[in-house]
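See below for the structure under consideration.
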Amino acid sequence: MNLSRVLETHAAWFDLLDDAQQARVLRDTTIADIEAGTIIEHKGAIASAWIGVLDGLVKVSVGNADGKMASLTGVPSGGWIGEGSLLKREARKYDIIALRRSTIARLRGDTFNWLLDGSIPFNRFLLHQLNERVAQFIGKAEHDRLLAPDARVARCLAELFNPLLYPGNSTRLEITQEEIGYLARMSRQRTNQALRSLEAAGLLKVVYGAVEVLDLDGLKAFGT
DNA sequence: GCATTAACCACCG
DNA sequence: CGGTGGTTAATGC
């Protein structure tokens with residue numbers, strides 16, 4: 001498959017660029033298929049690329065010395081992440097890890113910065129994305145404190161279907177219940193219980209190794 | 001009561 | 001077979 005077409009369909013910002021900019025992006029973007037569990041970016045490494053999830057699912061997480069791990073957010077296909085460390089030219093603060101077999105694009109960091117210098121639409125896109133992320137994290141902090149476990153799972157799943165951050169996704173998401181548990185900060189057993197309750201409410205369907213969302217608005221509003 | 005960890009075991013691909 | 005998920009028992013808040 002050709003790169004230009006892939007970016008047109010999996011990078012909402014690509015269409016905003018002029019011909020010369022698109023040409024340079026095509027030249028400076030690499031694509032790789034990676035296995036589940038691959039660490040795409042290591043905490044502590046100097047950021048040198050903007051990361052696009054063309055297919056699959058990735059998580060942003062940190063671990064501590066005791067082996068405890070906190071998953072901070074999931075990023076499904078259509079998502080572009082890692083601009084924070086790129087903008088500040090600093091070391092990555094989190095690990096980026098593939099939750100399943102994924103196709104990952106890397107746009108060279110200097111090209112990313114060149115787009116920032118030369119394209120107002122690109123800046124607008126980033127501003128918009130950052131704004132949406134802030135809203136998502138504020139919401140996460142809120143429901144993390146206020147909502148019951150079933151509703152926390154509902155919101156976490158709804159986040160992964162955010163049409164502004166991850167446009168053009170289907171209703172099916174391949175993710176294990178254990179990983180949903182990490183994202184919602186609860187045990188696998190409790191996550192399983194929550195999923196069954198959401199299924200009983202007709203909001204989603206639980207299938208082996210995946211969930212299928214039936215009612216996204218219902219998920220967002222669950223428990224309120 | 002409710003959630004968590006740990007352990008088993010069955011099922012799926 | 002390895003990964004996933006249902007279940008249960010022990011323990012903690």
Side-chain angles (χ1 to χ4, degrees), chain A residues 1 10 31-43 51-79 81 94-105 136-162 166 169-216 218-224:
Chain A
M1 201 186 327
H10 294 84
I31 291 188
D33 283 321
I34 58 166
E35 296 301 319
T38 304
I39 302 178
I40 297 160
E41 291 288 298
H42 284 85
K43 179 185 176 191
I51 307 296
V53 183
L54 303 185
D55 189 36
L57 180 65
V58 145
K59 72 175 171 185
V60 178
S61 66
V62 272
N64 69 4
D66 308 344
K68 292 215 172 188
M69 196 194 62
S71 290
L72 305 171
T73 188
V75 182
S77 85
I81 49 169
Y94 310 104
D95 291 317
I96 301 178
I97 301 173
L99 290 182
R100 48 177 249 244
R101 192 180 173 79
S102 300
T103 305
I104 301 300
Q136 187 170 91
F137 275 84
I138 297 270
K140 191 188 272 289
E142 178 189 348
H143 73 243
D144 209 45
R145 284 159 206 191
L146 296 179
L147 296 183
D150 289 4
R152 293 223 312 275
V153 169
R155 299 295 183 93
C156 277
L157 289 175
E159 277 175 17
L160 295 173
F161 288 90
N162 182 326
Y166 321 117
N169 272 348
S170 76
T171 59
R172 181 189 159 89
L173 185 69
E174 285 174 36
I175 184 172
T176 65
Q177 297 181 3
E178 185 174 28
E179 287 298 343
I180 296 173
Y182 282 132
L183 291 171
R185 278 161 297 280
M186 70 185 64
S187 67
R188 173 172 74 78
Q189 292 88 332
R190 189 61 185 82
T191 302
N192 180 271
Q193 193 181 319
L195 287 172
R196 304 196 151 278
S197 140
L198 296 173
E199 184 173 48
L203 302 177
L204 56 78
K205 191 163 180 297
V206 180
V207 296
Y208 189 80
V211 292
E212 284 166 17
V213 172
L214 302 175
D215 181 358
L216 183 54
L219 273 184
K220 281 187 215 160
F222 188 87
T224 60

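Computed over heavy atoms, backbone and side chain alike; hydrogens, waters and symmetry mates excluded. Throughout, a chain's letter reflects where its sequence line sits, starting with A, and its residues are numbered from 1. Since the structure is predicted, the reported quantities are computational estimates derived from the model, not experimental observations.
Look at CD on Gln177(A): it is 11 Å from P on dT7(C), rounded to the nearest Å. The distance from atom CZ of Arg188(A) to atom P of dT8(C) is 13 Å, rounded to the nearest whole Å. Protein atom CE of Met186(A) is 19 Å distant from nucleotide atom P of dC13(C), rounded to whole Å. The nearest whole Å value for the distance from the CZ atom in Arg190(A) to the C1' atom in dG12(C) is 17 Å. The CD atom of Glu174(A) sits 13 Å away from the C1' atom of dT4(C) (whole-angstrom rounding). For the pair Glu35(A) CD and dG3(C) P, the computed distance is 12 Å after rounding to whole Å. Atoms CZ (Arg196(A)) and C1' (dT7(C)) sit 11 Å apart, rounded to a whole Å. In this entry the distance linking CD1 of Ile175(A) with P of dG3(C) reads 17 Å, nearest Å.
A search for side chain to side chain donor-acceptor pair (under 3.5 Å) contacts involving Thr176(A) returns nothing, not counting sequence neighbours. Partners of Thr171(A) by side chain to side chain contact (heavy atoms under 4.5 Å, CB included), not counting sequence neighbours: none found. Applying the side chain to side chain donor-acceptor pair (under 3.5 Å) rule to Gln136(A) yields no partners; only residues at least two apart in sequence or on another chain are considered. Applying the side chain to side chain donor-acceptor pair (under 3.5 Å) rule to Asp215(A) yields no partners; only residues at least two apart in sequence or on another chain are considered. Partners of Arg188(A) according to the side chain to side chain donor-acceptor pair (under 3.5 Å) rule, which considers only residues two or more places apart in sequence or in another chain, do not exist here.
If you check every strand for non-hydrogen atoms under 4.0 Å, Thr176(A) touches sugar and phosphate atoms only. Within the nucleic acid shown, Arg100(A) has no heavy atom closer than 4.0 Å to any nucleic acid atom.
No side-chain N or O of Ser61(A) forms a donor-acceptor pair with one of Asp95(A) less than 3.5 Å apart.
Applying the salt bridge (Lys or Arg N to Asp or Glu O under 4.0 Å) test to residues at least two apart or on different chains, the pairs with a partner in residues 199-212 of chain A are Arg172(A)-Glu212(A).
With rounding to the nearest 0.5 Å, the separation of CZ in Arg101(A) from CG in Leu57(A) is 15.0 Å.
Remark: Tyr208(A), Gly209(A) in residues 204-213 of chain A come within less than 4.0 Å of DNA chain C through at least one heavy atom.
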Atom pairs and distances, donor-acceptor, side-chain atoms in residues 69-79 of chain A, under 3.5 Å, two or more places apart:
from, atom 1, to, atom 2, distance (Å)
Ser77(A), OG, Asn169(A), OD1, 2.9

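Along DNA chain B, the stretch of nucleotides lying under 4.0 Å from any heavy atom of chain A spans, 5' to 3', dA3(B) to dC12(B).
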